[in-house]
Amino acid sequence: MTDKDRLVPDEGLAPASTALPGAAGPLEELTQPPRSQWLDVWDQFKTHRGALIGGILFVAIVASVYLGPFVWDIDPTKINIRARNEGPSLAHPFGTDQLGRDMLARMMAGGQTSVSVGITAMLLALILGSFIGVVAGFFRRLDGPLMRLTDLFLALPLLPLLLVMMLLFREPLNAAFGLEQGIFILIVASIGITSWMPTARIVRGDVLALKEREFVLAARSIGTTNTRIITRHILPNVLSPIMVSATLGIATAIITESALSFLGLGFPPDFPTWGRLLFDATDYLQQYPERVFWPGMAISLTVLSVNYLGDGLRDALDPRIRGR
Amino acid sequence: MLTFTIRRLILAVPTLIFISLVIFLLLELAPGDPMAQVPLTVPPEVKEKMREALGLGEPMHIRFWKWIVQFFWIEPQVLIDHYLGTSFSQGDLRVISWQTRSPVMDIVVQRMPQTLWVVGTAYVVAIVIALPIGIYSAYRQYSWFDQMGTFVSMVGFSVPPFFSGVLVIVIFSVQLGWFPSIYDTTLVVDSWDSFVKQLQQMIMPVMVLALQITAQLSRFMRASMLDNLNQDYVRTARAKGMSEYVVVMVHVLRNSMIPVVTVIALGIPAIFGGAIITEQVFKVNGIGQLLIGAIQANDLPMVQTLTFIFAVLIVLFNLIADVLYGILDPRIRYD
C-alpha cells in the first residue's frame, strides 16, 4: 500500500499511541482501520486494465442483451418477406435476414439464450465441481474413488459425447418440458456434466492444503461439525479459485453451446442463439458476408471479455501478487 | 519407470472398458431406429429379420460383449492379415456400419489421411510458431511484444473455429479469391501444379486450427519460462559469464520445455476432437466429419467405434505425457 492510502488513525481504537510523540510513525501503520479482503482485491483488480475493460464490456453485453429488447421492441420472429436480405439502414441497423426478420432484434434474442445458457451451465458445473472437490479433499476415504471418477470423465471424448447426448435425449426432453424448455435443460445439463472436472481438481487441491491448517484444527477442537467446518471455514477460503473457474466456465459454456448450434445439434432453427444465427448465415456467405460477422463478433467479444475478466480476477485474488 | 509404465498400462484397461460401457449404454438409449428408412410396404416379420441381421435381436450384455470381441480381437487380426497376408480373420464378423454396410474400420482407414494431414500440419505449424513467441515474450516480460502476444493469444482463445474459419473463408476465398473454400480430397499430388493446389487448400484450415493451438501453447511456454528465469541457477550461469544466448536457450529453455512437452502430448487427442468443427467448416472429409455424419444418420456402430477411438487416444496420450514427464525431469521418480 502506498502512503496515500494511509488513513487517519482511529482515536477510539488507540488513544494512548497517538498521544505519544515520536512513536507516530510505526504505530500509525499498526493502527490503520482494518481493510477488508475484498477492498484489497478490488484495488488490485483496478490496476489490471484489460480486466477492467473486459468486465465493463461483459456487463455492457449482458445489459444490452437483456435490456435492449425494451428499447428496440421489434419482434425477432416477425417475418416481413418484402424487406428480406436488406443491408444496414436506420429501420434495421444490422439489416434483415432471408425472411425479413430484423437482425438486431434477433441478435438480442439470441444473446439472451446464449448468455443464459452460459451462466446456468457454468453454475451447474461449478456446484458439481466444488461439491466433488470439497468432498474429495475433506474426506480422505472418498478422495480415491472421486478422483478416479474425475480422471474417467477427463478421459471421455467430450465433444463427440455431447453430440451423442444431444441426439439421444432431445426427443424425450422435448416431450416432457416443451420444445424450448426441453432443449435448454438438455444443453445446460450436458455442458454442466461434461465441464466440472477442472474445478473439482483445483478445489480438491486447495481443500487438501487448508484441511491441515491451524484454524481448522481450532474449529474442530471446539466441537464444530464437519458440515459447519466446510461451510464456515473451508468454502470461503476456496472461493477465489472457484470464482476464477466460474468466469472461464462461462466462456467455455458459451463456446460449446454455439458449437453445438453450429453443428446443427443445438437449439431448433426458429429459436435464435448466436451460434444458430452464425450457422444460418453461412448459407448466405457469398451474397451477404456481413451477416456472419455480427453473431460471430458477439460470441468472440463476450468470450474475450470474460477471459480478460478471469485473468484479472486470478491476479487480484492471488495474495502473492496483490500489492506488488 | 518400466514398472510404472506397465502399471499404468494395466490400469488403462479398466478405464477403457468403463468408457466403452458408458458409450455403449448412452447409445443403447438412442430413440432412433435403424429400420426407419425401410419402406412401409416391407412386412413386420421381414423387418424383424433385418433387425436381427444387424445384430439388434440379442440382449444388451451379449451385444456389448460381441462389440468388445470384434473391436479388440477381430479388428487387430484383420490388421495383421492386411500386413502379413495371413488369414486369421477369415469368416469372422467385423464391426459393420449401418450406413454403408461395410466394416467401420475400413472407412476410418480411408478417412484418416485427410485428418492427419490437415490436423497434423496444423499442430506442427502451431508448435513452430508458439515456442519462439513464448520464449521471447517471457524474456522481455511486459514489453510491447509480450503485450501483443497476450492479446493475440487471448483472441486465439476466444474466437471459436466456426467463426474464424468462416471469417477467413469470407476474406480469402469470397473477397480475394486466393484459396478454395472447400477442401478437395480427391486431389492427387503428382506434379508441381497439384502440389500448389494442395497447399492452397490446406492453408486456411491449417491456419484456423494453428491459431487456437498457438494461443494455448505460447501462453504455456511463457509461463514456464517465467518460472525458470528467476531461478538461482540462471543467476549462477550469468555470474559464470555465459552469454545471454546460452543462458536462455540452453539452461532456461531445456528446463522450461519439460511441462510444455507434456502439454503438447496431452493436446494431440484433443486436436482430433477439436478438429470436428474445423473439418465441418472447410468440408474436409476426415474423421470428425465422419462422426457428425454417423450421428446424424443414427449409425450407432460407427459412432461407438469412433468415440471409443477418441477415448483410446486420450488415455494413451495421458500415459505418454506422464511417462515423458518422468523421463525428462530427473526430480520426478514414480517408483
Side-chain angles (χ1 to χ4, degrees), chain A residues 50 54 148-149 151-172 175 248 251-252 254-256 258-265 274-275 278-279 281-282 285-290 292-293 295-308 311, chain B residues 11-12 14-16 18-19 22-23 26-32 147 150-151 153-155 157-167 169-171 173-175 181 269-270 272-277 280-281 288 291-292 295-296 298 300 303-304 306-315 318:
Chain A
R148 290 293 81 72
L149 183 76
D151 288 347
L152 276 181
F153 263 84
L154 280 172
L156 288 174
L158 291 182
L159 192 59
L161 267 195
L162 269 175
L163 296 174
V164 172
M165 278 154 91
M166 286 298 131
L167 178 80
L168 301 186
F169 301 114
R170 177 186 295 262
E171 299 298 324
L248 301 180
T252 350
I254 288 179
I255 286 198
T256 315
S258 314
L260 288 176
S261 296
F262 184 79
L263 293 173
L265 287 160
W274 284 338
L278 183 60
F279 177 58
T282 46
L285 198 57
Q286 299 231 302
Q287 300 96 324
Y288 312 104
E290 75 276 0
V292 175
F293 186 72
M297 211 56 205
I299 298 171
S300 308
L301 267 184
T302 314
V303 175
L304 187 67
S305 64
V306 170
N307 274 340
Y308 261 109
D311 212 35
Chain B
L11 259 177
T15 313
L16 283 176
F18 176 80
I19 290 173
V22 167
I23 299 169
L26 249 178
L27 293 176
E28 214 33 55
L29 300 165
Q147 305 277 358
T150 310
F151 182 72
S153 59
M154 275 294 190
V155 170
F157 273 134
S158 310
V159 180
F162 48 85
F163 181 47
S164 51
V166 169
L167 209 60
I169 287 182
V170 169
I171 295 170
S173 59
V174 176
Q175 304 288 343
S181 73
F272 279 91
I276 292 176
I277 293 164
Q280 193 74 4
V281 170
L291 179 72
I292 299 277
I295 285 177
Q296 276 159 356
N298 231 322
L300 297 190
V303 175
Q304 165 145 19
L306 279 178
T307 10
F308 190 66
I309 290 176
F310 288 139
V312 171
L313 283 173
I314 293 175
V315 172
N318 264 316

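Below, chains carry the letters A, B, ... as their sequence lines are ordered, and counting in each starts from 1.
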Exercise. Contact part of Ile292(B) toward chain A, heavy-atom cut-off under 4.5 Å: side chain, backbone, both or neither?
Worked result: side chain
Problem set entry | Toward chain A, the part of Val312(B) with a non-hydrogen atom under 4.5 Å | neither
Exercise. About how many Å separate CG of Leu304(A) and CZ of Phe151(B), when rounded to the nearest 0.5 Å?
Worked result: 6.0 Å
For this session: Report the distance from atom CG of Asn318(B) to atom CG of Leu313(B), rounding to the nearest 0.5 Å.
Result: 11.0 Å
Exercise. Thr252(A): what forms a side-chain hydrogen bond (donor to acceptor under 3.5 Å, both in side chains) with it, not counting sequence neighbours?
Worked result: none
For this session: Report the option among Val170(B), Thr150(B), Ile295(B), Val159(B) that has the most heavy-atom pairs separated by less than 4.5 Å from atoms of chain A.
Result: Ile295(B)
Exercise. Is it the side chain or the backbone of Phe308(B) that comes within 4.5 Å of chain A heavy atoms, both, or neither?
Worked result: neither
Exercise. Distance from Tyr308(A) atom OH to Phe157(B) atom CZ, nearest 0.5 Å?
Worked result: 11.0 Å
Exercise. Do you know which of Val22(B), Leu16(B), Val315(B), Ile19(B) has the most heavy-atom pairs under 4.5 Å to chain A?
Worked result: Ile19(B)
Seminar exercise, completed: Cut-off 4.5 Å, heavy atoms of chain B, and the answer for Ala251(A) is neither
Exercise. Side chain, backbone, both or neither: which part of Phe18(B) has a heavy atom under 4.5 Å from chain A?
Worked result: side chain
For this session: Please list, chain by chain and in numerical order, all residues satisfying side-chain hydrogen bond (donor to acceptor under 3.5 Å, both in side chains) with Ser305(A), sequence neighbours excluded.
Result: none
Seminar exercise, completed: Counting heavy-atom pairs under 4.5 angstrom with chain B, the leader among Ile299(A), Leu278(A), Leu152(A) is Leu152(A)
Problem set entry | Heavy-atom proximity to chain A below 4.5 Å, by part of Ile169(B) | side chain
Exercise. Nearest 0.5 Å, what's the CG-CZ distance between Leu263(A) and Phe162(B)?
Worked result: 8.5 Å
Seminar exercise, completed: Note: vs chain A, highest number of non-hydrogen pairs under 4.5 angstrom among Thr307(B), Val281(B), Val155(B) is Thr307(B)
Problem set entry | Residue part contacting chain A, namely of Val303(B), when any heavy atom lies under 4.5 Å | side chain
Exercise. In terms of heavy-atom proximity below 4.5 Å to chain B, should Leu154(A) be classed as side chain, backbone, both, or neither?
Worked result: backbone
Seminar exercise, completed: When the 4.5 angstrom heavy-atom criterion is applied to Ser258(A) and chain B, the contacting part is both
Problem set entry | Donor-acceptor contact below 3.5 Å, side chain Asp311(A) vs main chain Asn307(A) | no
For this session: May I ask you to decide if the ring planes of Phe293(A) and Phe163(B) are parallel, tilted or perpendicular, using 30° and 60° as cut-offs?
Result: tilted
Problem set entry | CD1-OG distance between Ile255(A) and Ser300(A), expressed to the nearest 0.5 angstrom | 7.5 Å
